[in-house]
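Worksheet: one structure, shown below.
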Protein chains: 2
Amino acid sequence: MGRKRLPESADGRPTVHTVAARAGVSIASASRVLNGVGGSPETIRKVRAAAAEVGYVPNAIARSLQSQRTGLVALAVEDIGNPVYVAMMRAIEAVVADSGRQLLVHATGGRIDNETALLRRLANRYVDGMIISPIRVTDDHLAALVDSPVPVVVVGQLGADAPVDNVRTDSRQGVALAVEHLVATGRRRIGFVNGPLDTVPGAVRDAGFRAALARHGIDLDEDLVEVGDFQYAAGRAATERLLARARPDALLCANDLIAVGALHALLAAGRRVPEDVALVGMDDTELARMMFPQLSSVSLGSAERGRRAAELLLQRIADPALPPRREQVPPSLVVRASSGAPLPSPRPAGDPFSGPSTGAASAVTTDPAPPAGPPADPASGPVGTPPSHPSSEGASS
Amino acid sequence: MGRKRLPESADGRPTVHTVAARAGVSIASASRVLNGVGGSPETIRKVRAAAAEVGYVPNAIARSLQSQRTGLVALAVEDIGNPVYVAMMRAIEAVVADSGRQLLVHATGGRIDNETALLRRLANRYVDGMIISPIRVTDDHLAALVDSPVPVVVVGQLGADAPVDNVRTDSRQGVALAVEHLVATGRRRIGFVNGPLDTVPGAVRDAGFRAALARHGIDLDEDLVEVGDFQYAAGRAATERLLARARPDALLCANDLIAVGALHALLAAGRRVPEDVALVGMDDTELARMMFPQLSSVSLGSAERGRRAAELLLQRIADPALPPRREQVPPSLVVRASSGAPLPSPRPAGDPFSGPSTGAASAVTTDPAPPAGPPADPASGPVGTPPSHPSSEGASS
DNA sequence: TTGTATGCGTTATCAG
DNA sequence: CTGATAACGCATACAA
């Protein structure tokens, strides 16, 4: 039965008009049925049939223009290749997808101009909200953050009490946990391979490291401190520089990528890990468990932080009038082969040995979990088996 | 000077009307100036001033509704955590951003229903095009692919000559390169840890492995073949199963994640790499260089494939009438410590030793590149230094 | 319940 | 060059 020409969109695809015409009703009725509100049984039948016949799919853009919401949420991180952000991203994605939205990922490269530009561009209304994990923060940056045209949640440390939703960890205490562990296992010449000091995490971890050593009565040898980028290659290079002038018996690295670089530098220099040098990373990414020996690492709960950030964002999107909130995820230390045999059990807090504690709860874990998937055969290696932790983080807080 | 009430959008933000009113011109003039087309010097000045004063930012949604394009491009991959996809993503992002567009990343988990749902949802016009790297392909899937409402480019092998833009590699030849290398270095009991056989890459690599062995006159011992997921944990578990029943002197893994799992299983079982067992991965991700010993790996040019896919997509968006195109990126083998001392030099093609060759060009490379970043000190380790390759790929083709 | 008409914010068309 | 006006595709007061 050859119909007349049905109205359709410019590119030939059916619109509400097409469906309405075909069903012999008004576009209002068609729209209502399509949205499941109202409509007589007969109308519903006709419209549904017409929609199916022409293969109608609502135009999301037109719908967004009307509803003032796109169903998109953005995430801006420094380096999409850092496994810590992958973990965070996964956690966020789960929450976001659960709310029927989609995630738009931006890589900022840590460049602050990129981030502010991104924040300003938010004004174009293309996303309903944004989660951002900046590693450098300026006043300008902060200003753009507070008067963002759309809801923004920050993952990471934010100076003062900026009126912005924000979920952080205490990486200073994270560093303290690692130092405590290393000291408790007899290490004294503890080195530190950090990221750039002009980043928030770099600065905080540097301060935390110095404070932790001081609490244990250890004089810091500046030769034992080196700085690079939060990356594998930089970590390796920095460690090589450090090894050229000092002989640490332990190395703390500001994230796992650096730690992997350090491991290579150490092995290349003929140092055994952990016999000669104990190695501890930060973020507790899956990379830590993939190395051999597996790396001890300070978990900064990145997955958890991502999850919470996503929840805060969704809440704020639902109710923009909410007061600014701030959540904190505590760090914990996961001990693996790279820093000595697993401790027999988590030490109780306030261990007399640890001197003036930061007040840290018993946030130390050994990691004996078996690999995910089919149960492994009992052939256990010399240093333990790979666990199946979630979580991680690269440079934030 | 207290203005009257200026027209503004529902949420209180300025629109063209706001600017126009403030500048004392029509919205048409305002729009023209804002878009840099036409306008007298005086009008231009007034409009620009007004726009700046009220902080006008064009609403991207309204603009999209009008222009029929969103400036968004989607990428759908199985596992966003697989470094091979990270590499691909980076390459794509570069091209896409270069065209002023943004990238929307989807993780499909390899579930085919997810992908088809995604394809159908494309009809809602929220993205201008999509790059998809499916690891499983059904007829239904393929159908959704060919009559997609928006341009789609497929990264990976596509059955027959589906009329869809598609950039692939020859992972069958990739496998052949690896086998040739292992045979040439004296290995005979070559095992294979593969991904699921119901995936395209899994099936192709399995066939390729069998064919390669046959070409070298080696009878395949089925005990030397094991299958798991394209993941670290599954790779380790699969290797453990394999080792429990067979004694390979070499192991080829279907991707680098599996290879890392295999490395752990091997070391845990007390086998030395490469002395007892040579190990070769696929995808040549950065993970391969991060391991110790560094892993030999078959590069499938994932970054290059991503780059090309992005270019194909942009071309098709610009001109939908283009005929379907198909590009191919050749694989190459990067030899590192895990499969024996680096070969002295690339072997010429048609090496009499290699028997009936696949016709592969000299796609073998040793990888002596120094680490990126600051020059490393000369302290070179026992097995070589980490290179700085781009590229990678996890399960496609 | 149904249809008409209007608005969402921009851009494009077409007179003036 | 400028301004009124009509799309873009959808949703929704409002009146019937």
Side-chain angles (χ1 to χ4, degrees), chain A residues 6-48 50-51 54-71 123-126 128 149-150, chain B residues 6-48 50-51 54-71 123-126 128 149-150:
Chain A
L6 256 39
E8 52 182 29
S9 80
D11 54 349
R13 293 191 44 76
T15 74
V16 211
H17 293 83
T18 321
V19 176
R22 179 136 190 167
V25 301
S26 71
I27 63 165
S29 291
S31 177
R32 276 189 287 258
V33 171
L34 261 13
N35 287 319
V37 304
S40 72
E42 175 61 5
T43 316
I44 293 181
R45 192 193 56 72
K46 286 189 297 187
V47 171
R48 290 228 174 107
V54 300
Y56 171 75
V57 176
N59 182 315
I61 300 171
R63 178 175 288 186
S64 289
L65 183 58
Q66 164 72 23
S67 66
Q68 304 283 10
R69 359 189 296 98
T70 64
N124 72 4
R125 296 309 198 165
Y126 228 100
D128 294 339
V150 306
Chain B
L6 257 38
E8 53 181 29
S9 80
D11 55 348
R13 292 191 44 76
T15 75
V16 212
H17 292 83
T18 321
V19 175
R22 179 136 191 167
V25 301
S26 71
I27 61 165
S29 290
S31 177
R32 274 189 290 258
V33 171
L34 261 12
N35 287 318
V37 304
S40 72
E42 175 61 3
T43 314
I44 294 180
R45 192 192 56 73
K46 286 190 298 185
V47 171
R48 290 228 175 108
V54 299
Y56 171 75
V57 176
N59 182 315
I61 300 172
R63 176 176 289 186
S64 290
L65 183 58
Q66 164 72 25
S67 66
Q68 305 283 9
R69 357 187 297 97
T70 64
N124 72 3
R125 294 312 198 161
Y126 227 100
D128 294 339
V150 307

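Convention: sequence-line order gives letters A, B, ...; per-chain numbering from 1.
The side-chain heavy atoms of B:V47 and B:L34, taken from C-beta on, include a pair separated by under 4.5 Å. Between B:Q66 and A:I61, every side-chain heavy-atom pair lies at or beyond the 4.5 Å cut-off.
When the C1' atom of D:dC10 is taken as reference, atom CZ of A:R69 falls 15 Å away, rounded to whole Å. Distance NE2 (B:H17) to C1' (D:dG3): 12 Å, rounded to an integer number of Å. Between the CD1 atom of A:I27 and the P atom of D:dA7 there is a distance of 14 Å, rounded to whole Å. Between B:E42 atom CD and D:dG3 atom P there is a gap of 12 Å when expressed in whole angstrom units. In this entry the distance linking OH of A:Y56 with P of D:dG9 reads 10 Å, nearest Å.
Which of D:dA11, D:dC10, D:dG9 sits closest to the side chain of B:Q68 comes down to D:dG9. Between D:dG3, D:dA11, D:dA7, one nucleotide has an atom nearer to the side chain of B:Q66 than all others, and that is D:dA7.
Not a single donor-acceptor pair, N or O on each side, falls under 3.5 Å between the base of D:dG9 and the side chain of A:R13.
A donor-acceptor contact under 3.5 angstrom links the side chains of A:S64 and B:Y126, judged on distance only.
Looking at every heavy atom in both residues, A:P149 comes nearest to A:A123 through CG-CA, 3.3 Å. Shown here for A:R13 and A:E8, the closest heavy-atom pair between the two residues is O-CB, 3.5 Å.
Among the protein residues, B:S31 comes within range of the nucleic acid bases, having at least one heavy atom under 4.0 Å from a base atom. Heavy atoms of B:S67 sit nowhere under 4.0 angstrom from any nucleic acid atom.
Where B:G39 and B:L65 meet DNA chain D, the nucleotide closest to each residue was compared, and B:G39 sits on the side nearer the 5' end. For the pair A:A28 and A:P41, nearest-nucleotide mapping onto DNA chain C gives the more 5' position to A:P41.
Side-chain N or O atoms of B:T43 include none that pairs as donor or acceptor with a backbone N or O of B:G39 at under 3.5 Å. A donor-acceptor distance shorter than 3.5 angstrom exists from the side chain of A:D128 to the backbone of A:T70, with no hydrogens or angles considered.
Taking 4.0 angstrom as the limit, B:S26 places a side-chain polar atom (N or O) nearer than this to OP1 or OP2 of D:dG3. The side chain of B:S40 places an N or O atom within less than 4.0 Å of a non-bridging phosphate oxygen (OP1 or OP2) of D:dT2. Close to D:dC10, at under 4.0 Å from its OP1 or OP2, lies no side-chain N or O of A:N35.
With a cutoff of under 4.0 Å to any heavy atom of chain A, the contacted region of DNA chain C is bounded 5' to 3' by C:dT1 to C:dG9.
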